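Residue numbers begin at 1 in each chain, while the letters A, B, ... track the order of the sequences. Worth saying up front: this structure is predicted, and the values here are computed from it rather than measured.
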Amino acid sequence: MSERDEQVGYDVHGTQAKWLPVWERLEPFRADDAAVLSGEREKKYALTMFPYPSGDLHMGHAEVLALHDVIARYWWMRGYEVLNPMGWDSFGLPAENAAIRNDEHPATYTYANIETQFTSMQRYGLSFDWSRRLHTSDPEYYKWTQWLFLKFRERGLAYRKNSPVNWCPNDQTVLANEQVLADGTCERCGAEVTKRELTQWYFRTTQYAQELYDCLDELQETWIGKVVNAQRNWIGRSEGAHVDFELHLDGGGTRPLTVYTTRPDTLFGATFMVVAADAPLAAEICSPAQREAFEAYRDQTRKASDIDRLSTERPKTGVPLGVTATNPVTGQQIPVWASDYVLAEYGTGAIMAVPGQDQRDWDFATAYDLPIIRTVQPPADFDGDAFTGTGPAINSANEEISLNGLDVAEAKATIIAWLERKGWGAGTVNFRLRDWLLSRQRYWGAPIPIIHCPVDGEVAVPEDQLPVELPELRGADLKPKGTSPLGAATEWVNVTCPTCGGPATRDTDTMDTFVDSSWYFFRYLSPHDSTQAFDPALAKAWGPIDLYIGGDEHAVLHLLYARFFTKVLRDLGLIDWDEPFSAYLSQGKVINNGRKMSKSLGNGVSLGDQLDAFGVDAVRLTLVFASPPEDNIDWADVSPAGSLRFLQRAWRLSGEVTSSPGASFADGSLDLRKVTHKTVHDAAQLVESYRFNVLVARVMELVNATRRTIEAGGAADPAVREATEVVAQLLSLVAPYTAEEMWERLGHQPTVARQPWPTVDEALLVEDSVTAVVQVQGKVRGRLEVSPDISESDLEAAALADPAVQKALDGATVRKVIVRAPKLVNIVIGA
RNA sequence: GCGCUCGUAGCCCAACGGCAGAGGCAACGGCUUUAGGUGCCGUCCAGUGUGAGUUCGAAUCUCACCGAGCGCACCA
C-alpha cells in the first residue's frame with residue numbers, strides 16, 4: 001500500500017490484485033452459443049479492432065478498449081448474451097523487420113508481444129471472452145484465409161494480371177491503392193511509392209462497387225458520418241456515357257476509340273482526343289511518323305513519380321499520335337494526342353477533350369493551340385476559362401439532332417438517347433474504385449495457395465492440402481530483395497503439380513495482411529473448428545456485428561475490405577446478411593499538448609506508468625470521461641488524479657452505508673430516490689447513444705447527491721444504499737475494480753458486472769412540481785412553480801396573473817400567448 | 001477545387017427549437033494539516049466564430065462568410 005493509499009483508505013493496487021483472479025475463475029463474460037442458437041436470449045456482438053502485436057499496449061489501445069468495454073458490459077447488464085471476442089492481427093512487416101535485425105524468426109517477436117499485450121489486457125479488466133482468442137498468423141487460422149482465397153478464385157473474384165503497380169522501395173513490396181497516401185507515399189513507412197510493371201494477384205472488388213456504394217445509404221444513420229463519406233469518395237461513383245469515336249489509323253483502316261465522359265452533352269465541343277500515354281492503346285495506334293516522339297514522351301512520364309504526376313499545378317504536356325478520329329456528331333476529323341494527364345486505369349484510358357467546358361482540356365488546348373468551342377452558354381459576367389457550370393446548350397446541333405437551349409441535364413439525357421439509337425454509345429456508370437492488389441513480396445503473411453505448372457498453368461492447392469504452411473526462414477533469409485523471400489526456400493517452392501504430377505513451383509508471394517483481417521470476425525464464431533472457416537449456423541445466430549469500434553485510419557482500408565468479404569461470403573451462401581457492421585463508431589486519438597505522441601517530440605505518455613500511478617480504473621475513467629468517443633483526447637487537458645479522487649469518493653460511500661443488504665428501498669427518502677432513478681433512466685439512453693462522457697458526469701452527480709444525504713445524517717436511509725448500489729453498478733461499466741470492491745463492501749457477492757440493470761420506477765421519474773418559465777417577447781420575466789400536469793389554460797392564467805409578468809407587460813396589448821405546459825409560456829405583445 | 005464534420009467560460013465538455021451550465025480540469029478563497037500533499041466547503045468565469053434568414057422563441061433549423069479537422073482530387 002502506497003502512502004497515498006493509506007491516507008485515503010482506498011487501496012487501488014490491492015483492489016486490482018484482489019479481483020483479477022476472482023474474475024479469471026468466474027469467467028463472467030463467456031458467450032453461450034446455445035443460449036443464442038435456441039433463441040433463449042437475444043444476442044449482441046460487440047467488436048473492436050484487434051491489435052497488431054507491435055509491443056505493449058499504448059494509450060490509443062487503452063482508449064478504444066475502455067470505450068468498447070462500456071457498451072459490451074452494458075449489454076450484459078441489459079440481459080443480452082454478448083459475444084465480445086479479442087485476438088491478434090499477427091502477420092505483418094514489423095515482425096519481419098525485427099527478425100532480420102535480430103537474426104530470428106518473425107514468430108518469436110510476434111508471439112512474445114502477443115503475450116505481453118494479452119497480460120496487459122487482462123490487467124486492464126476487460127470483458128472479453130478469452131476462450132475465442134485467435135491469431136491470424138496461426139496455421140489453424142490462415143488455413144482458412146487460404147481456403148477463402150480459393151473460393152474467391154473459383155468465382156472469378158481472385159485473378160492474376162500484369163499491370164503497373166505501386167511499389168514501396170523501402171518495404172520492397174507492392175502496395176494496394178488504398179495503402180498509398182494522397183501525397184504518393186507509403187501508408188506504412190512513408191517512403192515515396194514508385195511504379196513497377198508486375199504480374200500480381202487481385203481481388204475483383206470492382207464487381208461489388210455498386211453494391212458497396214449503395215449500401216452506404218443504409219449505414220448513413222448508424223455509422224459515423226465521416227467514414228461513410230470517406231468510403232463514398234473512395235468508391236467514387238459517377239454517371240456518364242461511353243461514346244464511340246471512329247479512329248482512322250495511319251496505315252488506313254479504322255477502329256473504334258471509346259471514351260468515358262460525364263459530360264456527353266458537350267460532345268459537340270470535343271475538338272481533340274487524349275489517350276493516356278502509358279496505356280497500351282496509345283502505343284497501338286501511334287503512327288510511325290510520331291513513334292519516336294511518342295516513345296520518348298512515354299518513357300519520360302513513366303519515370304516521373306506519382307508525386308510529380310499528381311501535381312495539378314504542373315503545365316500540361318503531351319505528344320500527337322499522328323492519327324485522327326471522327327467526332328460522331330460533327331463529323332469533324334479531330335487529332336488524337338497522348339498525355340500523362342489522362343489516367344490509363346480509369347474509364348477507358350482515353351477521353352474526348354472539351355476545352356470549352358473542362359479546365360484541364362482548356363489548359364491542354366491553349367498549350368498546343370487546339371480549337372476551343374463553347375457548348376454551354378456562360379453567364380454574361382463570366383470571365384474564366386473553361387465554363388463548368390450549368391446553362392443552356394449552344395453550338396450543339398447537326399442535321400439530325402439539336403441540343404441548343406436545353407439545360408445540362410436535359411442535354412445529357414437527349415444525347416445519350418440519340419447515341420444509343422445510333423449505336424454509338426450508351427449511358428453508363430463508372431467507379432474510381434480499383435481492384436484490390438493482394439500479393440506481397442514478403443515472408444510473414446499467408447502464402448498464396450497456388451501452384452504454377454508449366455503444363456497446367458495456375459493450379460489451386462487442393463483443399464485437403466491446406467494450409468500451405470510457411471517454410472522455416474529466419475534472419476538474413478528474410479532480407480528484402482525485390483522478390484519474395486519464399487522463393488529462396490527451394491525445397492518448399494518445388495512441388496509436383498496436383499493435376500499432372502509433373503514438376504511445378506509454388507506461388508512465392510504472400511497475401512496482404514488486410515486479407516487476414518477482412519474475415520476475422522467470422523472466425524471468432526467458431527475459432528477452434530478444424531472443419532470449416534466458421535459455422536454458418538453461428539453466423540446466422542450472432543451476426544451481424546451490433547457495434548464495431550475502431551480508428552479512423554481504417555475508414556477506407558479495412559472497413560471497405562471487410563464489407564467486400566462479407567458480400568462475397570453471402571454470395572457463397574455462408575451467411576445471410578449483407579453488411580458486417582450494423583453500427584460503427586470511431587474513437588479519436590490520444591495526443592499530448594496538441595501533438596501526436598511521438599518519441600522524436602518527447603511527449604509520449606506511457607500507459608504502464610499511468611496505470612502504476614493512478615490504477616486501471618482511474619485511467620479508464622479518464623479516457624471515457626474526457627470527451628465524446630470520436631473526439632481526440634489531449635492528455636494535457638485531462639486529470640487522471642481527478643478521476644482517482646472521484647473513484648475514492650464513490651468508494652467511500654460504500655463504507656458509510658449502514659442499512660442492510662436487501663433493505664426495502666421503498667422506505668428511502670424520496671429526493672435521493674428520484675435522483676437515483678432518473679440517473680439510471682438517463683444512463684441507458686446515454687450509453688445507447690455513445691455519450692459515455694455524459695454518463696460519467698451523471699454518475700458523479702449521483703455520488704454528490706448521495707454524499708449530501710449522508711452528510712445530512714442519512715447514512716441509514718435505504719435510499720443511500722440504493723443510490724450507492726446504483727453507483728457501483730453504473731461504475732462497473734467504466735471502473736470495474738472499484739465497482740466490484742464497492743459491491744462487496746455493500747454486502748454482495750461478485751460479480752457486480754453481471755447484475756441485471758437496475759429497474760427504474762417510472763413513478764419516481766415524475767416531478768412533484770416544475771419550474772415554468774414565463775417569457776415576454778422571448779425574454780424571461782417570471783418563474784412559476786407548477787404541477788407537471790397543469791393544463792395549458794391554467795398555466796396561461798397563472799402566467800398572466802404573475803406580478804412580475806404584469807410589470808413587464810406594463811399594460812401593453814397581449815397579441816398572442818404561446819403555452820407549452822408545463823414548462824413555458826411566451827407572451828407576445830404589441831400592435 | 002469537390003465533399004463530410006465541427007466552432008459554447010482560461011481548458012475539456014453538457015444543454016427533445018423553450019431559463020445557456022450537467023460534470024470535470026485549472027485558478028482563487030476558507031477549513032483540515034507543523035508544512036507540502038491529500039481531503040472537505042465555497043468563489044470566479046461565456047451569451048454560443050461572423051453576418052443574414054425562418055420562428056412567438058435559435059447554441060440548436062436555413063443560407064453566406066471566417067476558422068479548424070478529415071476524406072477525395074488532372075478520375076474526364
Side-chain angles (χ1 to χ4, degrees), chain A residues 3-9 182 224-238 240 259-263 266 274 276 309-314 316 339-343 345-354 357-361 363-364 388 430-434 552-553 555-556 586 588 621-622 625-628 630-634 636-639 641-646 648-649 652 682 691 693-704 707 711 771-783 815-820 823-830:
Chain A
E3 192 181 333
R4 178 198 283 157
D5 294 338
E6 223 169 294
Q7 283 169 347
V8 299
I224 187 154
K226 62 179 166 180
V227 172
V228 174
N229 186 246
Q231 294 221 356
R232 276 220 180 84
N233 283 334
W234 187 260
I235 296 168
R237 184 181 189 276
S238 71
V259 299
Y260 172 73
T261 177
T262 54
R263 292 297 301 276
T266 64
V274 186
R309 226 191 122 153
L310 288 172
S311 166
T312 47
E313 306 299 307
R314 214 166 46 108
K316 297 276 180 291
S339 174
D340 61 1
Y341 87 89
V342 172
L343 304 176
E345 316 93 73
Y346 183 76
T348 61
I351 62 157
M352 66 179 208
V354 188
Q357 270 73 231
D358 184 289
Q359 188 60 40
R360 298 157 298 185
D361 297 342
D363 293 341
F364 194 85
T388 55
N430 208 19
F431 295 94
R432 208 192 73 94
L433 181 74
R434 312 285 204 269
D552 289 339
E553 66 275 21
V556 282
S586 60
L621 184 80
T622 302
F625 180 52
S627 67
E630 62 274 18
D631 287 5
N632 287 345
I633 296 172
D634 193 328
D637 291 337
V638 299
S639 171
S643 298
L644 181 55
R645 271 202 300 275
F646 164 69
Q648 288 162 347
R649 280 203 298 275
R652 208 175 305 118
D682 292 355
R691 286 180 292 166
N693 54 327
V694 186
L695 167 78
V696 172
R698 300 301 302 277
V699 179
M700 287 173 170
E701 280 182 74
L702 181 55
V703 168
N704 292 344
R707 166 57 52 197
E711 295 304 321
T771 306
V773 175
V774 185
Q775 299 177 333
V776 176
Q777 299 292 75
K779 298 224 168 14
V780 180
R781 297 298 185 200
R783 289 161 217 272
R815 193 157 60 105
K816 193 175 174 187
V817 181
I818 291 109
V819 185
R820 292 284 177 274
K823 295 186 70 177
L824 179 125
V825 177
N826 189 15
I827 301 165
V828 186
I829 56 175

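- Counting non-hydrogen atoms under 4.0 angstrom, A:D631 reaches the backbone sugars and phosphates but no base.
- Backbone-only contact: A:S238 has heavy atoms under 4.0 Å from sugar-phosphate atoms and none from a base.
- Relative to the ring axis of A:Y341, A:K316 places its NZ or CZ within 45° and under 6.0 Å from the centre.
- Both distances falling under 3.5 Å, in either a Watson-Crick or a G-U wobble arrangement, place B:A64 opposite B:U50.
- Judged by distance alone, with hydrogens and angles left aside, the side-chain atoms of A:Q775 form no donor-acceptor pair with the main-chain N or O of A:L824 at under 3.5 Å.
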Would you tabulate the pairs of protein nitrogen or oxygen atoms and nucleotide nitrogen or oxygen atoms of nucleotides 69-71 of chain B closer than 3.5 angstrom?
{"from": "B:G71", "atom 1": "N2", "to": "A:N233", "atom 2": "ND2", "distance (Å)": "3.3"}
{"from": "B:G71", "atom 1": "N3", "to": "A:N233", "atom 2": "ND2", "distance (Å)": "3.1"}

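- Closest approach to the A:E701 side chain among B:A76, B:G23, B:C74 is made by B:G23 (side chain taken as heavy atoms from C-beta onward).
- Taking 4.0 Å as the cut-off between side-chain N and carboxylate O, A:R263 and A:D361 do not count as a salt-bridged pair.
- A:R698 comes within 4.0 angstrom of nothing in the nucleic acid, heavy atoms only.
- Residue contacts shown for A:D363 are absent, as no nucleic acid heavy atom lies under 4.0 Å away.
- Heavy atoms of A:K816 sit under 4.0 angstrom from primed sugar atoms or phosphate atoms, though from no base atom.
- Considering only side-chain atoms of A:T262, the nucleotide from B:C56, B:A76, B:C12 that sits closest is B:A76.
- In the set B:A14, B:A15, B:C40, the nucleotide with an atom closest to the side chain of A:R649 is B:C40.
- For B:G17, there is no paired base (Watson-Crick or G-U wobble, both distances below 3.5 Å).
- In this structure, B:G47 shows a glycosidic angle within 90 degrees of zero, which is the syn conformation.
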Output one line per pair: protein atom, nucleotide atom from nucleotides 57-64 of chain B, and distance, for all N/O pairs under 3.5 Å.
none

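- Heavy atoms of A:F625 sit under 4.0 angstrom from at least one base atom.
- Looking at the side chain of A:A697, the nearest of the listed nucleotides B:A76, B:G23, B:A14 is B:G23.
- Of the candidates B:C56, B:A14, B:G24, the closest approach to any side-chain atom of A:M700 belongs to B:G24.
- Of the candidate nucleotides B:C25, B:G18, B:C74, B:C25 has the atom nearest to the side chain of A:S639.
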